[in-house]
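Below is one structure, written out as structure tokens; the observations come after it.
These numbers come from a predicted model, not from an experiment. Just so it is clear: chains get the letters A, B, ... in the order the sequence lines come, proteins before strands, and each one is counted from 1.
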2 protein chains.
Amino acid sequence: MSVKSSKNGPCGTGGCGGQGTPDPQDGNIDNALSKISNKLIVMSGKGGVGKSSFSTNLAVALAGKGFSTGLLDVDLHGPSIAGMLGIKGLLDINENQQVIPKMVGDHLKVVSMQSLMTDPDQAVIWRGPAKTGVIRQFIGEVCWGDLDFLVVDSPPGTGDEPLSVAQTITGAKALIITTPQDVALADVRKSINFCRTVNLELLGLVENMGPFACPCCGETIELFKSRGGRITAETMGVTYLGTLPFDPQVVKTCDAGTPIAAGDHRGPFVAALDNVVQAIVGSL
Amino acid sequence: MSVKSSKNGPCGTGGCGGQGTPDPQDGNIDNALSKISNKLIVMSGKGGVGKSSFSTNLAVALAGKGFSTGLLDVDLHGPSIAGMLGIKGLLDINENQQVIPKMVGDHLKVVSMQSLMTDPDQAVIWRGPAKTGVIRQFIGEVCWGDLDFLVVDSPPGTGDEPLSVAQTITGAKALIITTPQDVALADVRKSINFCRTVNLELLGLVENMGPFACPCCGETIELFKSRGGRITAETMGVTYLGTLPFDPQVVKTCDAGTPIAAGDHRGPFVAALDNVVQAIVGSL
């Protein structure tokens, strides 16, 4: 494992400049990426499987272990991560005209499209090429500095944004999130093939919204069926990283801006998340 | 209400030709749309709120009432509707080189990207302009014929596909589907503003994955919180069309290719769906 960053120096002191290269933005992107030890792209074939809440809880958990962590929300049409972390206000710019991420605690830096929009309810109606430009800016023109991990919350599907993310963030590794039901798994197989087509290394698959225990009687209920993610991973030759149970507290804590991994919550979800995080860190 | 189609003649007998217009595809699209009384675009700001299963059950319910209904899946990256209806095999072409929709029962015609792909697990890695072309083909080069309703399952968000759909299907009206939790509602407000920006008439909002009754003890559980959709509709001045309860049978029946609205199912979900369908038909 090699998860610690290389400490090349802070932003604004020559560390994030990219001067002297033929294409300034290419140089800025290469420079930014060179200081990030591990780039994790969180993907899902289908929306609504809990990708953003998983990305947020993963980044919070990594930061909680003392890793210097970045969290980038590139879901341009439905950015939700700033809200899940209770981040308000617009992002600032430093003297080198770089975006300064929002700090959450001591170890987590966050950049979300939400934090660039003056009206959070405004729809972003952009076609593909404009979106590619924004994604490149999110890497090359943000003062990320030295990071052990950059967690990138990619929009669902296999379209412009995931393609641009895969092409921009060289050396990244993908995590695929799914729910257990068949209709999600069909899209997961597409995501796995997408990674293989664009030569994006696939770290493994996480099954979300698994078994649910009724808070009244304790009965275990399969809201979205069961074991489909694990079976798909095995069938497709992909590492299975674990199953997270369904817990309405995950929904409520994200809505409240205080993700479940950030507080003193205990219980089956947090325990399962910790196992998944350890599996991810152990595989690097 | 004016929901019955105009019966301009079947495809292949001069009804779907579009000859004599400067741009053949524009003419084909206009011709196809002129024979469809009501075009409903089902949208969601966020993925995974049950948009495709709602679109499928809505189309099945309309066909079950005797309306001539089309169902078009334009979610190019995650098409799921063919699977939800148990449709297998590729689409055929008629002598006018038009795609022939798959028939489900007597009154439902279905076209899905899935039915055009020889390998259903292959990822569609297309950039925006290519996607726009496919969406135009799905209207102008499909032998839809006379329809009372065309239900269009649009991909989530406010990107290329919904924009192309809104621009291609003139005279369409939008239905927005959401779950009750805040993180979904932020995206719903974006979808409402998207409709207003592109002058797409908004028929109303449906709240999905509402209250869940534990099958063991009967306790009502709010999996994704409650009433958020209704409150958002009221706040934003949008018609609230009803709430559908969460029911694992909706997941299982869609996975099995026999949507819940198609069988002899009874219960709270089917009753609530019927109320929503009546509200939609009554508003036209």
Side-chain angles (χ1 to χ4, degrees), chain A residues 44-50 52-53 75-78 80 83-84 114 120-129 131-132 155-161 163 179 181-184 186-187 189-194 197-198 212 214-217 219 221-225 246 248 251-252 254-256, chain B residues 44-50 52-53 75-78 80 83-84 114 120-129 131-132 155-161 163 179 181-184 186-187 189-194 197-198 212 214-217 219 221-225 246 248 251-252 254-256:
Chain A
S44 71
K46 187 175 176 304
V49 299
S52 294
S53 67
D75 192 341
L76 304 182
H77 299 296
S80 48
M84 288 182 182
Q114 269 167 301
D121 290 344
Q122 197 54 46
V124 177
I125 308 174
W126 289 342
R127 297 234 183 235
K131 291 192 278 196
T132 304
T158 55
D160 284 316
E161 291 101 326
L163 182 55
T179 49
Q181 85 269 33
D182 297 2
V183 70
D187 292 342
R189 292 191 293 273
K190 289 192 177 67
S191 286
I192 294 171
N193 284 326
F194 171 88
T197 304
V198 303
F212 168 66
C214 173
C216 179
C217 69
E219 178 81 5
I221 307 162
E222 294 170 353
L223 297 173
F224 298 96
K225 301 176 68 175
F246 186 95
V251 177
K252 284 184 187 164
C254 278
D255 269 6
Chain B
S44 71
K46 188 176 176 302
V49 299
S52 294
S53 67
D75 192 342
L76 304 181
H77 299 295
S80 50
M84 288 183 182
Q114 268 167 304
D121 290 343
Q122 198 55 47
V124 176
I125 308 174
W126 287 343
R127 297 241 183 226
K131 291 192 277 195
T132 304
T158 55
D160 284 317
E161 291 101 326
L163 181 56
T179 49
Q181 84 268 35
D182 297 359
V183 70
D187 292 343
R189 292 191 293 272
K190 288 192 178 67
S191 285
I192 293 170
N193 284 327
F194 171 88
T197 303
V198 303
F212 167 64
C214 173
C216 178
C217 68
E219 177 81 4
I221 307 162
E222 294 170 354
L223 298 172
F224 298 96
K225 302 177 68 174
F246 185 95
V251 177
K252 285 184 185 162
C254 278
D255 269 6

Before giving the answer on side-chain contact (heavy atoms from CB on, under 4.5 Å), spell out for A:Cys214 and B:Cys217 the whole-Å C-alpha distance, their side-chain angles and the decisive distance to 0.1 Å. CA-CA 9 Å; A:Cys214 173; B:Cys217 68; 3.8 Å; yes

Name the option with the most non-hydrogen atom pairs under 4.5 Å to chain B; the candidates are A:Ser191, A:Ser44, A:Ser53, A:Gly47. A:Gly47

If one checks every heavy atom of A:Gln114 against chain B at 4.5 Å, the contacting part turns out to be neither

Here the gap from A:Leu223 atom CG to B:Phe212 atom CZ, rounded to the nearest 0.5 Å, amounts to 5.5 Å

If you take all heavy atoms of B:Asp255 and A:Asp182, which pair is closest and at what distance? OD2-N, 2.7 Å

Below 4.5 Å from any heavy atom of chain B, which atoms of A:Gln181 appear? Answer side chain, backbone, both or neither. both

Heavy-atom contact with chain A under 4.5 Å, split by part of B:Val49: neither

B:Glu222 CD to A:Lys252 NZ distance, which is reported to the nearest 0.5 Å: 6.5 Å

Measure the spacing between OG of B:Ser80 and NZ of A:Lys46 and express it to the nearest 0.5 Å. 7.0 Å

